[in-house]
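Heads up, the thing below is written out as structure tokens.
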Amino acid sequence: MTDAPALPLKLFNSLTRSLEEFVPVHPGEARVYSCGPTVYNFQHIGNMRAYVFADTLGRTLTFKGYALRHIINITDVGHLTSDSDAGDDKMEKAAASQGKTAWDIAAFYTAEFKRDLSWLNVRDPVKWTVATDYVPRMIDFAKSIADRHCYELDSGLYFDVSTVADYGRLARAVTDDGEGRIEEVEGKRHAADFAIWRKTPAGETRQMEWDSPWGRGAPGWHLECSVMGEAELGMPFDIHTGGIDHREIHHPNEIAQNQAYRGCGSLDCADHSGARMWMHNNFLIDRGGKMSKSTGEFLRLQLLVDRGYHPLAYRLMCLQAHYRSELEFSWEGLGAAFTRLKRLRYAAAALECEIERGRRETVPDCPEILALRREFDEAMSNDLNTPQALTIVERTFAAKHLSKWQRADAVSDFGDVLGLKFFYDVAALPRVRPKAATITEAEIKAILTRRKEARAAKDFATSDALRDELAAGGVEVMDGDPLGWDWRLDN
Ligand code: AMP
Ligand code: ZN
């Protein structure tokens with residue numbers, strides 16, 4: 001990139017409800033923890049918005065020159081059917097209803113989740129921390145805070161939220177407000193107190209349970225994230241992310257545990273919460289409200305693909321809104337994002353064609369390209385203003401009077417930050433075959449290879465016959481599609 005003076009990166013910290021300059025705990029590094037999925041079910045596209053956001057944040061930190069250390073956890077135990085202490089363990093419940101082990105359920109939905117991430121061009125974290133791998137550390141953490149901050153009931157070990165300063169500041173809630181948190185557990189001292197260890201009820205056995213000083217049982221969900229964050233990133237680390245629902249219960253509880261663990265007081269000091277910044281993406285909603293799994297039917301990325309939308313159209317749809325705004329999903333909106341993505345791809349393909357015809361220039365970037373690069377940097381440095389950044393991408397494509405190499409280099413850099421791959425590998429990414437397909441992928445590929453040979457030999461009669469053969473199998477060939485899909489099932 002260029003040698004222009006570095007712009008400070010400003011991010012919105014939910015804890016202070018203000019824009020703050022990113023100042024890393026460890027110079028040159030950015031350590032980020034993102035609350036990951038509870039793998040008892042598929043993730044819906046609302047959940048995926050949280051990871052597109054975290055990935056765009058990570059890419060921006062890389063763009064700003066920081067060595068990124070990003071962790072996403074996999075919650076495979078401990079998350080109850082309510083965010084507070086009511087209900088069953090989501091994993092155990094799913095296992096019972098599907099007649100599988102909780103471990104099988106976790107493995108299956110983890111793989112599905114990772115595939116969705118790859119379709120959305122979300123980069124892998126440096127490590128996937130799986131909650132069940134950290135149970136001994138969770139017990140140690142809980143032991144270290146138990147005496148001063150917890151009390152034991154028949155059902156488990158509970159954190160007393162009155163023992164830390166500023167409990168609930170992140171949520172702007174007052175301890176004991178009780179709202180939405182009716183005393184579900186007999187003996188809790190405050191409505192907001194939460195379990196950090198849940199004992200297996202006498203006479204029952206859980207699939208996932210461990211011995212602890214408080215009896216056999218399982219860790220609380222909030223404890224998991226405190227422990228995995230501390231274990232992999234140290235405390236304090238730089239940024240903790242999650243969806244805005246986590247601002248209300250999960251993250252305030254993590255913060256309380258972190259304060260207890262570190263013996264820290266008031267949250268007026270940025271580092272006392274365990275992370276310097278807490279960032280939250282707003283919801284993807286549909287006409288009925290927040291997209292959630294409890295309503296039964298929910299939208300998955302696979303369904304978007306089955307309907308012929310490239311998954312990166314969904315990523316673009318997310319980026320068209322600021323991450324702190326609600327985003328309403330509609331098929332029309334997705335269609336518009338897909339059209340925009342295709343236009344960007346066409347522009348990139350046209351630029352590639354021009355470049356192939358000429359000899360590469362080595363002159364420094366012209367002032368106009370530098371200005372566009374600067375504007376892009378300003379947009380992303382302003383709390384990840386992706387809607388603005390996208391318009392700068394389009395202006396760079398459109399600035400035809402400027403050097404094609406310089407435009408191509410700039411747009412390629414912008415694409416890396418946005419995770420939109422305008423030039424490379426787009427075809428390879430989502431070679432997606434809808435689940436309902438009757439014709440196998442191998443069969444499709446074999447016919448397509450023959451068709452390619454026929455077209456190369458200018459034997460268009462054979463090529464058309466092969467196209468008809470595919471059409472009869474429900475496969476539409478998409479020649480020249482800017483996203484590089486060779487085919488899709490016509491359903
Ligand atoms: P879960 O698997 O329920 O723990 O959720 C995974 C992530 O998705 C969390 O960061 C949630 O806050 C986030 N999330 C849940 N629902 C939505 C939604 N409708 N829109 C955006 N993010 C969401
Ligand atoms: Zn978490």
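Both counts, for ligands and for their atoms, begin at 1 and track the order of listing. This one's a predicted model, so the numbers in the text were calculated from it and none came from an experiment.
Between I244 and ligand 1, not a single N/O pair is under 3.5 Å apart. Considering backbone and side-chain N/O atoms, R49 never comes within less than 3.5 Å of an N/O atom of ligand 1. Taking distance alone, with nitrogen or oxygen atoms compared against 3.5 Å, P37 stays at or beyond that limit from ligand 1. An N or O contact shorter than 3.5 Å links T38 to ligand 1 by distance. At least one N/O-N/O distance between N47 and ligand 1 falls below 3.5 Å. Of the polar atoms of G242, none of the N or O atoms is found under 3.5 Å from an N or O of ligand 1, judged by distance alone.
Against a heavy-atom cut-off of under 4.0 Å, L284 is close to the following atoms of ligand 1: 18 (C), 19 (N), 20 (N), 21 (C).
Comparing Y109, F42, F283, Y51 against atom 17 (C) of ligand 1, the shortest heavy-atom distance belongs to F283. The closest heavy-atom contact to atom 4 (O) of ligand 1, among the options C318, G36, C35, comes from G36.
Formation of a donor-acceptor pair under 3.5 Å by the T110 side chain with backbone atoms of A106 is found in this model.
By the criterion of a heavy-atom distance under 4.0 Å, the backbone of N282, and not its side chain, is placed next to ligand 1.
Using modelled atom types, one finds no donor on one side chain facing an acceptor on the other under 3.5 Å when comparing S14 with W278. With no hydrogens or angles considered, a side-chain donor-acceptor pair links Y33 and N73 at under 3.5 Å. A donor and an acceptor atom, one from each side chain of T16 and E20, are located under 3.5 Å apart. Under 3.5 Å, the side chains of H251 and H246 contain no donor-acceptor pair of N or O atoms. No donor-acceptor contact under 3.5 angstrom links the side chains of K10 and S381, judged on distance only. At a cut-off of 3.5 Å, with distance as the only test, a side-chain donor of E209 or T200 sits close to an acceptor on the other residue. In this model, a donor atom of one side chain and an acceptor atom of the other lie less than 3.5 Å apart for Y151 and D193.
Not a single heavy atom of H280 sits closer than 4.0 Å to an atom of ligand 1. Within the 4.0 Å heavy-atom cutoff, H44 counts among the residues contacting ligand 1.
Contact annotation: H250 places an N, O or S atom under 2.8 Å from the Zn ion (ligand 2). In summary, C35 places an N/O/S atom under 2.8 Å from the Zn ion (ligand 2), meeting the contact criterion. For the Zn ion (ligand 2), the set of nearby N, O or S atoms under 2.8 Å includes none belonging to H222.
Below 30°, between 30° and 60°, or above 60°: for F159 and F194 the angle between ring planes is below 30°, a parallel geometry.
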